[in-house]
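Step one of this worksheet: look at the structure below.
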Amino acid sequence: MLENAFVGTRRYFTLLAVLATLSAVGFLVYLKQLSFGLGITGMSRDVSWGFYIAQFTYLVGVAASAVMVVLPYYLHDYKAFGRVTILGEFLAVAAVTMCLLFIIVDLGRPDRLFNVLKYPTPNSVLFWDMIVLNGYLFLNLVCGWFVLEAERNQVPPPKWLKPLILLSIPWAPSIHTVTAFLYAGLPGRGYWLTAIMAPRFLSSAFAAGPALLILLALLVRRYTKFDPGREQIQTLAKIVTYAILVNVFFFFCEVFTVFYSRIPEHMDHFYYLFYGLQGKGWLVPWMWFSIVGMCIAALLMVSPKIRQNETTLALTCGLIIITTYIDKGLGLISGGFVPNPLHQVNEYVPTVPEIIITLGVWATGFLILTILYKVAVSVKEEIRA
Amino acid sequence: MGINRRDFLKLAGLLGLGGKAAFELVLPGEVEAAVAKTQATGTRWALVVDMRKLTDKVAARCIEACHSLHNVPNYLEPPDPKLALSEDLKNRWQIKWIWSDVYEHAFVGFEQDHQWDKLKGMNFLLLCNHCENPPCVRVCPTQATYRRPDGIVMMDMHRCIGCRFCMAGCPYAARSFNWRDPRPYIAKINPNYPTREIGVVEKCLLCEERLAQGQQPACVEASGGALIFGNLNEENSPVRAALRAHYTIRRKPYLGTNPQVYYIV
């Protein structure tokens, strides 16, 4: 099947070339980071995780959301999703790969990466995160690939695959739960010390991931001969609607607990993010845009008219992707570290090299995604021909 | 049901729950506590800071003694003026094993409306608390940071992968990271102690290298009596005497980390 990746239109190869170039530029800047150290980023003694870990956290959600197409198809026998499961699974493969790359570029000593395997430490959540991420990558790659191959040969998928597919269903929420536990169990970080962290992660993931899948499906329909289907897109839209509503609800649950209890160590992070603290608050406009935009998007999605029109649906999905991204990709990590445990406000702003490396990883992920989607779509076109 | 912790642990071992490591996950710190209990006669290092004797001058002497001994880089005042950094970078890269900060920062959450005036803006000497239940040890994925039986929270700089999870875990901001090569910023390298490379975390190790030779930590020695160091398990140790005689406070005791640096105010 992989041979399908090597034939294609000029547009396909141009896209690959652009992504490969961005990825190479990111790699060159990463070499600079390797020789100088993480000092080329904006991270500090106080904000010891930044943009890289934030991207990782957001993309874990995108990856986990594949379950939203796999589950209805395999567990509820919702046949229509047969056409999009492969798109969901391959999106998960690309997203998890990006997650792993973001972890690697964030390490101070990547040459010692395998110490995590040499000295396995089950009391560290990071150890479990490594296990669930790699496991999920493997599951989606294997399940996606063999189902697609069977489809191509017009035979039922091999029997041994079924348990792996079923395993991948609980595995998906586990990757985002474990990632939430990275933050949720730390004493002295009031913003993260909340039991609703994992549910919030999952709700935003199940909104953002399927929203991205809708956009990708619309792109696939536009640029290839394969149509993922109107019904499929509409079902995904309903999933996005419920998830974004729950996500907004969870946010206000958090706000209630924090502000009704009035415990300063929990409130001050919200003050910093939404109001500014000690005269500092560069994230304030971003955070307001995020929460107001998210509420508007949720309301828009509730309206059947807007959801059923694919143009307004695409725009609303775009808004959901952007607002959930700001919430997790900018606010969550910075907001947890600022103010610091000594109640000082030392802000974090990513630097240019940091942003280029980040873009490089995203480009690598989309390169993988493009190739995998090309293979999948070629097979789908072949069958229909 | 009459089952104590010891039996519980034994039973768990028989059931093959995976030994100590698996336990730590279920009962973080419990195993350590159980071990510490059986060693009540062993050594448990602790430090008492007598704030009545700690002037800014004394604090500066302690910091200087520690940082010069352990090759801690100075980003605030680099040895070579050509290496001077912007305010922003000074702040971001700073490495502190022991440092001082005002009461309001050191004891967040202890504010009172009519504060004892003396405490306002008072400079406290801060360092790693060598907690009984250290969150940094709990989160480290490679055991690069670990707790010794005598309570010192250690740092293996050759094993650290630089994930900085321990920095997120520490509620006292006691850990620093080498965001760049620190060596140019060390005024005079002490050949008897290693320097660090980029990409690893470092912190106060309670002068374990000096303790091994029967000496006191460098800060204690330089403090002229303001810092009292000793074995908490020993009835007649100077720390126990100080804790018996005075009311002391600790940083964020409500987090359950059980810090082992006490302050007489």
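Everything numeric in this text was worked out from a predicted model, so none of it was measured. FYI, side chains are in, hydrogens and waters are out, and symmetry mates aren't considered; it's all heavy atoms of this structure.
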**OP:** With the side chain counted from C-beta on, respond yes when B:Cys140 and A:Ser124 share a heavy-atom pair under 4.5 Å apart, and no when they do not.
**Re:** no

Subject >> Test item: B:Asn91 and A:Asn346 side chains (from C-beta on) under 4.5 Å apart, heavy atoms >> reply: yes

Tell me, for [X] versus chain A, whether the close heavy atoms (under 4.5 Å) come from the side chain, the backbone, both or neither.
{"X": "B:Asp101", "value": "side chain"}
{"X": "B:Arg251", "value": "side chain"}
{"X": "B:Cys163", "value": "both"}
{"X": "B:Phe107", "value": "neither"}

Non-hydrogen atoms of chain B under 4.5 Å away: do they reach the side chain of [X], the backbone, both or neither?
{"X": "A:Leu193", "value": "neither"}
{"X": "A:Met130", "value": "neither"}
{"X": "A:Pro264", "value": "neither"}
{"X": "A:Leu342", "value": "both"}
{"X": "A:Leu182", "value": "both"}
{"X": "A:Tyr183", "value": "neither"}

Subject >> CZ/A:Phe274: more than 12 non-hydrogen atoms of other groups inside 6.0 Å >> reply: yes

**OP:** Kindly give the heavy-atom pair with the smallest separation between A:Pro341 and B:Cys170, and that separation in Å.
**Re:** CG-O, 4.1 Å

**OP:** Please report the shortest heavy-atom distance between B:Pro141 and A:Leu126, naming the atom on each side.
**Re:** CG-CD2, 3.6 Å

Subject >> Side chains of B:Gln143 and A:Asn115, donor plus acceptor under 3.5 Å >> reply: no

In Å, rounded to the nearest 0.5 Å, how long is the span from [atom1] of [X] to [atom2] of [Y]?
{"X": "B:Arg138", "Y": "A:Leu186", "atom1": "CZ", "atom2": "CG", "result": "9.0 Å"}
{"X": "B:Asn178", "Y": "A:Leu38", "atom1": "CG", "atom2": "CG", "result": "11.0 Å"}
{"X": "A:Thr41", "Y": "B:Arg92", "atom1": "OG1", "atom2": "CZ", "result": "6.5 Å"}
{"X": "A:Arg112", "Y": "B:Ile161", "atom1": "CZ", "atom2": "CD1", "result": "10.0 Å"}

Original post:
Do side-chain atoms of A:Lys118 reach the backbone of B:Thr142 as a donor and acceptor pair under 3.5 angstrom?
Top reply: no

Original post:
Out of A:Ser44, A:Gly37, A:Ser35, which one racks up the most heavy-atom pairs below 4.5 Å with chain B?
Top reply: A:Ser44

Subject >> When A:Gly42, A:Gly336, A:Gly188, A:Gly185 are compared by non-hydrogen pairs under 4.5 Å with chain B, the top option >> reply: A:Gly42

Subject >> salt_bridge(A:Asp106, B:Arg164) N-O dist < 4.0 Å >> reply: yes

Original post:
For chain A, which of B:Met167, B:Lys96, B:Arg159 has the most heavy-atom pairs under 4.5 Å?
Top reply: B:Arg159

**OP:** Heavy-atom pairs under 4.5 Å with chain A are the metric here; pick the option from B:Ala144, B:Ala168, B:Pro171, B:Ala106 that has the most.
**Re:** B:Ala168

**OP:** Tell me whether the guanidinium CZ or amine NZ of A:Arg45 lies under 6.0 angstrom from the six-membered ring centre of B:Phe177 and within 45° of its axis.
**Re:** no

Original post:
Are the aromatic rings of B:Phe165 and A:Trp49 close, with centres under 6.0 Å apart?
Top reply: yes

